[in-house]
Amino acid sequence: MERISWDQYFMTQSYLLSLRSTCTRLAVGATIVRDKRIIAGGYNGSIAGGVHCIDEGCYVIDNHCVRTVHAEMNALLQCAKFGAKTEGAELYVTHFPCLQCCKAIIQSGIVAIYYAKDYKNHPYALELFAQAGVNVKHVPLHYTIAEKE
């Protein structure tokens, strides 16, 4: 049997994280990796201790759920909370990040982003990533994982 590649290993981790999502619109997971080691993970959901979309529905303003903290942001905030350095790290995420997450990713010093699924890919996000020298690569998941019950 052939070993799973690093890209597939970390992307699978992101998919597992997405199973913890409390958003009813889209489940997203993100894994931050430095030197082939996972330093943080996140999924989209409400603030700690807050009301979740799965309990009371999404709180939508201008077609965006404002109740939800995005998976990428949760992973970056976990690094900030626990003092994990993001400079030079890589990010694996199940879906292409939004513009706000794109800017946070760049400012945090992430050098590469790997995403499994296209999702409202904004051309300006690609422009910002290129401007900042962040490598962007589409890495579809090749393995089947469990689904939420």
Side-chain angles (χ1 to χ4, degrees), residues 4 6-34 36-126 128-129 132 134-149:
I4 188 172
W6 285 113
D7 281 348
Q8 289 300 308
Y9 174 75
F10 296 128
M11 192 59 74
T12 301
Q13 177 66 37
S14 293
Y15 269 95
L16 287 173
L17 284 160
S18 77
L19 296 177
R20 290 281 306 154
S21 172
T22 60
C23 180
T24 58
R25 295 171 54 152
L26 182 69
V28 179
T31 305
I32 299 176
V33 175
R34 193 177 60 242
K36 301 284 188 241
R37 300 290 177 260
I38 296 169
I39 60 171
Y43 53 87
N44 57 329
S46 299
I47 60 166
V51 174
H52 294 280
C53 298
I54 56 174
D55 299 325
E56 294 192 12
C58 292
Y59 185 0
V60 178
I61 298 175
D62 296 330
N63 205 31
H64 295 285
C65 180
V66 297
R67 188 184 313 275
T68 301
V69 179
H70 290 188
E72 305 92 323
M73 199 64 72
N74 266 327
L76 290 170
L77 292 169
Q78 189 178 83
C79 288
K81 186 175 183 177
F82 296 108
K85 179 182 164 189
T86 54
E87 185 74 32
E90 300 173 312
L91 175 76
Y92 288 81
V93 64
T94 56
H95 296 77
F96 191 86
C98 73
L99 278 172
Q100 294 305 318
C101 286
C102 163
K103 292 184 274 185
I105 290 164
I106 291 167
Q107 291 299 95
S108 71
I110 299 280
V111 297
I113 179 165
Y114 306 98
Y115 69 98
K117 292 183 180 178
D118 291 310
Y119 183 73
K120 300 181 181 179
N121 301 29
H122 200 286
Y124 187 54
L126 288 170
L128 288 174
F129 282 137
V134 175
N135 182 40
V136 178
K137 183 179 176 187
H138 183 225
V139 178
L141 184 66
H142 294 292
Y143 296 90
T144 303
I145 61 168
E147 296 290 330
K148 282 185 178 179
E149 293 180 355

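We number each residue from 1, following the sequence as shown.
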Can you find a heavy atom in the side chain of [X] that is under 4.5 Å from one in the side chain of [Y]?
| X | Y | value |
| --- | --- | --- |
| Q13 | V33 | no |
| D7 | Y92 | yes |
| F10 | I38 | yes |
| Q8 | V139 | yes |
| H138 | Y115 | yes |
| F96 | L126 | yes |
| V28 | H70 | no |

[X] side, atom [atom1]; [Y] side, atom [atom2] - distance, nearest 0.5 Å:
| X | Y | atom1 | atom2 | value |
| --- | --- | --- | --- | --- |
| K36 | Y9 | NZ | OH | 12.0 Å |
| L99 | L128 | CG | CG | 7.0 Å |
| M73 | Q100 | CE | CD | 7.0 Å |
| L77 | S108 | CG | OG | 10.5 Å |
| T86 | I110 | OG1 | CD1 | 5.5 Å |

ask   = Residues in side chain to side chain donor-acceptor pair (under 3.5 Å) with Y114, at least two apart?
value = E90

Over all atoms of both residues, closest heavy-atom pair of N74 and Y43 = ND2-O, 2.8 Å

Least distance between heavy atoms, I39 atom then C79 atom = CD1-SG, 4.1 Å

So, does [X] use its side chain to make a donor-acceptor pair with the main chain of [Y] at under 3.5 Å?
| X | Y | answer |
| --- | --- | --- |
| T68 | C23 | no |
| N44 | S21 | no |
| H122 | Y124 | yes |
| E72 | C102 | no |
| S14 | T94 | no |
| T22 | I54 | no |

Listing, residues 55-67 side-chain donor-acceptor contacts under 3.5 Å, not counting sequence neighbours, or none:
from, atom 1, to, atom 2, distance (Å)
R67, NE, G57, O, 3.1
R67, NH2, G57, O, 3.2

note = Of T31, L76, V111, I113, the one forming a side-chain contact (heavy atoms from CB on, under 4.5 Å) with L91 is I113

query = With a cut-off of 6.0 Å (strictly less than), are more than 12 heavy atoms of other residues, nucleotides or ligands near OH of Y143?
reply = yes

